[in-house]
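Working notes, beginning with the structure itself.
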Amino acid sequence: MRHIGPGPDWSVDAPYTLGMQTPIAPTHSHGETDRMTTPAAPATLPGLRPGVSGVRVRLAPSPTGSVHIGNVKTGMYNWLLARGQARRLGLDGQFLLRIEDTDRNRYVEDAADQLLDILRWFGLEWQEGPDVGGPHAPYVQSERLAIFQERARHLVAEGKAYPCFCSPERLQAVREGQQSRGEPTGYDRHCRDLPAHEADARIAAGEGHVIRFRTPREGETVVNDLVRGPITTANVTLEDSVLLKTDGYPTYHLAHLVDDHLMEITHVIRGAEWIPSAPLHVLLYAAFGWEPPAFIHVPIILAPGGGKLSKRHGATTMAEFRTQGFLPEALMNYLALLGWSFDATTEIFTPEELLEKFSIERLSPSPATFDYDKLRWFNQHYINHILTLDDLTGRVAPFLAAAGMIDAEAARTDHPQHALLREATALLKDRLETLADAPEHLGPFLVEALPDYDSALLVPKKTEPSAARAGLESTLALLPELDLEDEAAAETRLRALAEELGLKTGQLFMAIRVAATGRTQSPGLFGTLRVIGKDRLQARFADAIARLGTIADATA
RNA sequence: GGCGCAUUCGUCUAGCGGCCUAGGACACCGCCCUCUCAAGGCGGAGAUCAGGGGUUCGAAUCCCCUAUGCGCUACCA
């Protein structure tokens, strides 16, 4: 029987080393711990420092375009930790949103607004952020430049960072020289030991420069990742990274770290692409004299063929998944399982259930391949089995309205088209994989007149056109006295009709199906007839009969 | 090249030294239901647990090496 350790030991045993903490062990989801003799251990959260009463996590995207699915997944885990796991343990849990717009070259004008919009659509709610404010405002880094510059100056004053005057051209030349000699590339620390008076003079003269971190050249740094365990890196392999750029903007390394500290972030769940720079961050925290947060690096999402997920494979941004008709709940369920599991068999987790079940202990360190087929299955499952009919009706409506099939207001229950929309949705929902499939499937049930279709479809296999026509004429004649609301009765009547005409039920039913919908595939015939209704059926049958008049029987 | 991370059915995963002749799900195949197509139900095939060494009475589970994949190696995040 293994237990989660008594909690991380945060004692610092080396200047540049985080206190050792054992990687978290998963809890057993069943078994002996429930015995009455076992005193209930106080619930603890891995990575939480003693004395800290709550969890504060963040999602810190940069507004450089549309949000990638991977960023959202990472943000979701943060959200689930704060709003789910932490709160279940009776802790305060705050999830915040911070915009990291420190790259002026990649900045995209409306990206931040779109970001908030799509994150809200997805279902993430933040307690502090650029739109809602909070105790640590502003939550946009470009509005916090003075803070970062002050911190950088502070490090320089303490000798833990230094100004570097090397031009991009020199840096490139250095790199090329290293490459041609087969050496590891990297900054050669040319300005690391400039005399202070010289550096000051050049700055005073207005010479452009960056601020670099004076990385220790000896020892090693340990990053304690909560799911991976300790990751040790020799300091010699680390670079003197740029902290502050020539334009006065901070790099990610400086900005995120200062803000995480100021905003009292307790857990940093971020993409695995940050593992290589995590030692730098640990060193930076030490240089500032700050306690670092707990780290969890979650794997990046792989593309079906290997490599990273790109346009070539399908949707990659949140916005694309939305327009393709995916439900945020289904997307969240699928994404959650791409690197996390609850047990051996449970796979359906609504957002509420995720908040109840999610725990960082069960996060996986290995990368997962994105499977569009499985996502579609989840989406279909939510459409068909999880959403209520009224909910689904409301979600399908915008897609149908965009296709011009219903009025934009038809989702309102007092709208004249609403009843039909709802009935059609009920009838067709089991074949919708995405909301975007709705126009294709519901079309025949919503429009007045059918779009043109292949008249040959009206003649079922092994059936003469004349027989199909006779069947439809009889059905049309029978229509006024049929009670379509009583599906069983209508079925009995039409089965009898088939027998009278000497047709197999399949033959008659198929002819009717095509006449009613223009297709050979539809929901059950009698539900189909009921929803389309007598008026439209009358017109469609008449049209079908006219079409059949132009098709001659095969002369045997 | 250097540094790092990862490695159980095609894919997502369960597995924490004996419950594993490896469980579940997607996809695939078959059957059932049936007026078509879906949905649903039932069943099947599919992983010698990357390979090789150890440790142990016993290893998918612990250790080491190798291989492969991925990431980082920017005044991008």
Side-chain angles (χ1 to χ4, degrees), chain A residues 1-2 25-26 28 60-62 64 71 100-103 105-106 164 166-168 171-172 175 178-179 182-187 208-212 225 228 231-234 236-239 241-247 249-253 255-256 271-279 297 299-300 302 304 306-308 334 337-348 364-378 380-381 384-385 428-433 441 460 491 494-495 498 504-510 512-514 519-526 528:
Chain A
M1 188 76 209
R2 288 175 61 182
H28 281 263
S62 44
T64 55
N71 298 128
E100 307 215 323
D101 56 344
T102 57
D103 185 347
N105 298 321
R106 295 204 309 160
C164 166
C166 296
S167 67
L171 261 18
Q172 191 183 337
R175 189 159 35 240
Q178 290 163 332
Q179 275 166 348
E183 298 170 2
T185 56
Y187 176 57
H209 63 282
V210 302
I211 302 297
R212 287 182 184 272
D225 184 293
R228 292 162 202 265
I231 299 170
T232 305
T233 308
V236 268
T237 65
L238 267 22
E239 284 216 61
S241 299
V242 172
L243 264 22
L244 202 66
K245 309 177 211 175
T246 307
D247 63 7
Y249 277 66
T251 59
Y252 168 85
H253 304 302
H256 95 277
E273 68 271 23
W274 292 111
I275 293 176
S277 49
H297 293 94
I300 56 168
L302 262 26
K308 61 181 165 188
Y334 175 68
L337 259 17
L338 216 55
W340 173 83
S341 64
F342 176 66
D343 60 19
T345 54
T346 317
E347 57 193 344
I348 300 299
S364 162
S366 50
T369 304
F370 198 87
D371 183 346
Y372 287 94
D373 280 342
K374 193 154 185 174
L375 203 216
R376 294 183 80 82
W377 180 84
F378 272 105
Q380 172 274 128
H381 185 84
N384 196 196
H385 301 291
L428 278 302
K429 66 172 186 150
D430 68 3
R431 55 204 70 206
L432 300 183
E433 280 194 318
H441 285 98
E491 177 166 359
L494 286 182
R495 281 183 185 278
K504 288 182 178 175
T505 53
Q507 292 177 298
L508 208 220
F509 287 10
M510 183 54 82
I512 296 175
R513 166 175 293 111
V514 175
R519 303 172 183 191
T520 56
Q521 299 177 358
S522 81
L525 220 215
F526 301 94
T528 297

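Quick note on labels: first sequence line is chain A, next is B, and so on, each numbered from 1. No experiment lies behind these values; they were computed from the predicted model shown.
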- Item | Minimum-distance nucleotide to A:Thr369 side chain [options: B:rU11, B:rC3, B:rA6] | B:rU11
- Item | Proximity to the side chain of A:Thr345 - top-ranked nucleotide from B:rG2, B:rG24, B:rA39 | B:rG24
- Message: I'd like to know if A:Lys374 pairs up with A:Asp371 as an ion pair, taking the criterion as any Lys NZ or Arg NE/NH1/NH2 lying under 4.0 Å from an Asp or Glu carboxylate oxygen.
- Response: no
- Query: Hey, does A:Pro523 reach any base, or is it just sugar-phosphate, or nothing, if we go heavy atoms under 4.0 Å?
  - Reply: base
- Query: Looking at the side chain of A:Asp373, which of B:rC35, B:rA27, B:rA39 is the nearest nucleotide?
  - Reply: B:rA27
- Item | Distance below 4.0 Å between A:Thr233 side-chain N/O and B:rG4 OP1 or OP2 | no
- Note on the structure: Residue set satisfying salt bridge (Lys or Arg N to Asp or Glu O under 4.0 Å) with A:Glu347, at least two apart, ordered chain then number -> none
- Note on the structure: Side-chain atoms of A:Gln521 come closest, of B:rU36, B:rC12, B:rA39, to B:rU36
- Task: Give a yes/no answer on whether the side chain of A:Arg519 brings an N or O atom under 4.0 Å of OP1 or OP2 in B:rU36.
- Result: no
- Of the nucleotides B:rC5, B:rG2, B:rU36, which has the atom closest to the A:Ile231 side chain? B:rC5
- Note on the structure: Of B:rC35, B:rU13, B:rA39, the nucleotide closest to the side chain of A:Ala368 is B:rU13
- Task: Examine the base of B:rA27 for any acceptor or donor lying under 3.5 Å from a partner atom in the side chain of A:Lys374, and report the outcome as yes or no.
- Result: no
- Nucleotide by nucleotide, nucleotides 66-77 of chain B touches protein heavy atoms under 4.0 Å in the pattern (B base, S sugar-phosphate only, - none) ----SBSSSBBB
- Task: Provide, to the nearest angstrom, the distance between the CG atom belonging to A:Asp371 and the P atom belonging to B:rG24.
- Result: 19 Å
- Gap in Å between the two P atoms, one belonging to B:rC5 and one to B:rG41, rounded: 44 Å
- Query: For A:His385, which contact category applies under a 4.0 Å heavy-atom criterion: base, sugar-phosphate, or nothing?
  - Reply: sugar-phosphate
- Item | Parallel, tilted or perpendicular: rings of A:His253 and A:Trp274 (30°, 60°) | perpendicular
